[in-house]
Amino acid sequence: MAIREGRWDCPSCGAVGQLGRHVYCTGCGSPRPEKVTFYLPGDAAEVTDAAQLSQAQAGADWVCEHCGGSARAIDTACPGCGAPRGSSAERQVHEYGMDDTPRSGAPPRAALSPPPSAARPQQPPRKSHFVRNVFLLLIASLIGWVGWANRTRHVEAVVTAKEWDRSIQVEAYRTVTEEDWSLPPGGRQVRSYRAIRSYRRVLDHYETKTRQVSERVQTGTRTYTCGHVDKGNGYFEDRTCTEPEYETRYHTETYQDPVYRQEPIYDTKHVYRIERWVPDTLLREHGDTTAPVWPRTVPDDTTRDGEKKQKYLMTFRAGDGESYTAEVPLEQFTAWRVGGSVPLKVNGSRAQIDTSRTH
């Protein structure tokens with residue numbers, strides 16, 4: 001695994017890029033502090049020097065418990081104050097992922113703790129946010145326009161036309177011929193015959209077929225650099241990970257495909273005669289300003305009134321010149337005359353008489 005030398009920044013004089021192996025700042029001579037952060041520049045070269053490799057693999061540096069200076073793992077006494085190592089603790093070893101490895105030193109101390117009252121500089125809006133905001137504004141405008149166009153308005157209008165239509169379906173009691181799978185009460189059979197009533201799905205045979213089948217097969221493993229280890233002495237060692245490698249392979253597979261047939265199910269169907277009320281004549285009356293009436297019928301033993309339908313339409317012209325046609329109940333149709341003023345509730349192209357304003 002490759003070894004690379006890291007860097008550290010001196011917090012005393014601000015000198016940046018101190019070599020990781022140096023335990024004293026080359027700018028001011030201050031000892032490398034305990035809380036210093038090692039970082040690995042992206043262009044750091046692999047260490048090949050045997051002495052440096054031996055130093056990197058010797059272990060983490062230790063921090064003198066007397067003066068706070070740094071000492072290498074092979075040092076038995078602090079190079080700053082001369083005190084023996086004693087119980088001085090080693091620097092902590094860190095493991096980083098590829099995206100987590102620090103690439104530069106900590107920012108200046110003043111930038112770490114801005115005063116609470118300091119205002120953050122306003123960042124210019126990102127283009128994607130601008131496009132999204134414009135889109136949302138257009139959607140909101142469209143929704144607002146649709147809502148405005150379909151709002152309910154109260155207008156005064158004049159009745160310009162009326163039209164009514166009434167109809168009665170006359171039914172006759174007649175003998176009809178029908179057929180069904182059973183003979184109903186009152187039915188007089190004419191004949192019967194065998195017919196297909198339904199079908200059932202029945203397995204007929206199997207067909208041998210082939211198909212291409214894919215499968216993922218492991219062909220080996222791949223070793224790759226997945227991060228770095230801060231060894232606690234100014235050097236970083238590559239972390240390696242392994243993962244399986246696969247490839248897709250295909251093979252031909254034989255299988256049996258079932259084939260089904262539709263088998264008819266027979267039953268007896270009956271043809272019979274029976275008396276039923278059936279539609280006969282449709283009678284209709286139509287008019288405009290005349291009073292609505294029903295078509296005249298004369299029911300007897302063989303005829304009767306069936307379904308009745310009625311429809312009443314009124315046309316209005318509002319003060320703005322717009323015309324509306326609405327279907328209204330009989331009470332409103334007979335209450336309003338052509339030329340009369342009427343209050344309307346209008347929503348889009350739909351209109352209805354505003355009964356709350358007619359009393």
Side-chain angles (χ1 to χ4, degrees), residues 1-124 225-240:
M1 292 182 285
I3 301 290
R4 293 175 172 81
E5 188 172 8
R7 300 288 189 271
W8 59 278
D9 296 343
C10 178
S12 298
C13 68
V16 299
Q18 300 293 311
L19 293 175
R21 76 188 91 131
H22 292 162
V23 294
Y24 291 94
C25 174
T26 58
C28 66
S30 298
R32 186 175 66 194
E34 179 182 0
K35 300 296 185 182
V36 75
T37 299
F38 292 117
Y39 59 92
L40 183 65
D43 57 355
E46 182 178 349
V47 175
T48 58
D49 180 76
Q52 279 191 260
L53 288 174
S54 177
Q55 182 179 339
Q57 297 290 12
D61 292 351
W62 53 278
V63 180
C64 179
E65 60 183 333
H66 299 285
C67 68
S70 293
R72 299 184 181 92
I74 60 176
D75 294 333
T76 57
C78 174
C81 67
R85 177 171 180 175
S87 59
S88 298
E90 290 185 351
R91 286 187 176 276
Q92 189 174 357
V93 175
H94 297 279
E95 289 193 4
Y96 298 103
M98 289 298 292
D99 296 332
D100 301 329
T101 302
R103 297 298 184 181
S104 62
R109 188 172 300 173
L112 291 176
S113 303
S117 60
R120 293 178 178 269
Q122 294 296 322
Q123 297 293 327
T225 301
C226 58
H228 302 92
V229 178
D230 173 0
K231 299 178 71 65
N233 55 16
Y235 291 92
F236 286 80
E237 185 176 30
D238 289 350
R239 284 179 57 212
T240 58

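From a predicted model like this one, the values you see are computed outputs, not experimental measurements. Numbers here are sequence positions counted from 1.
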Taking all atoms of both residues into account, what is the closest heavy-atom pair of [X] and [Y], and its distance?
X	Y	value
Val93	Asp230	CG1-O, 3.2 Å
Tyr39	Gly17	OH-N, 3.2 Å
Ala83	Cys64	CB-SG, 4.4 Å
Glu5	Leu40	O-CD1, 3.9 Å
Gly68	Val63	O-CG1, 3.7 Å
Ser70	Pro79	O-CG, 3.7 Å

Residue pair [X] / [Y], side-chain heavy-atom distance below 4.5 Å:
X	Y	value
Arg32	Val23	yes
Gln57	Lys231	yes
Asn233	Arg72	no
Pro33	Pro11	yes
Gln18	Asp9	no
Cys10	Cys28	yes
Asp238	Arg4	yes

Check: Mind checking whether Phe236 and His228 have parallel, tilted or perpendicular rings, split at 30° and 60°?
Finding: perpendicular
Where the side chain of [X] meets the backbone of [Y], is there a donor-acceptor pair that is under 3.5 Å apart?
X	Y	result
Tyr235	Val229	no
Trp62	Asp75	yes
Glu65	Ala89	no
Trp8	Leu19	yes

Notebook entry, point to check: Rounded to the nearest 0.5 Å, what separation is found between the CG atom of Leu53 and the CD atom of Glu46?
Noted result: 8.0 Å
Check: Got a second to check how far Arg239's CZ is from Glu95's CD, nearest 0.5 Å?
Finding: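 Output value for this atom pair is 5.0 Å.
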Margin query: Here's a test for you: under side-chain contact (heavy atoms from CB on, under 4.5 Å), which of Arg91, Arg7, His94 qualifies with Phe38?
Written below: Arg91
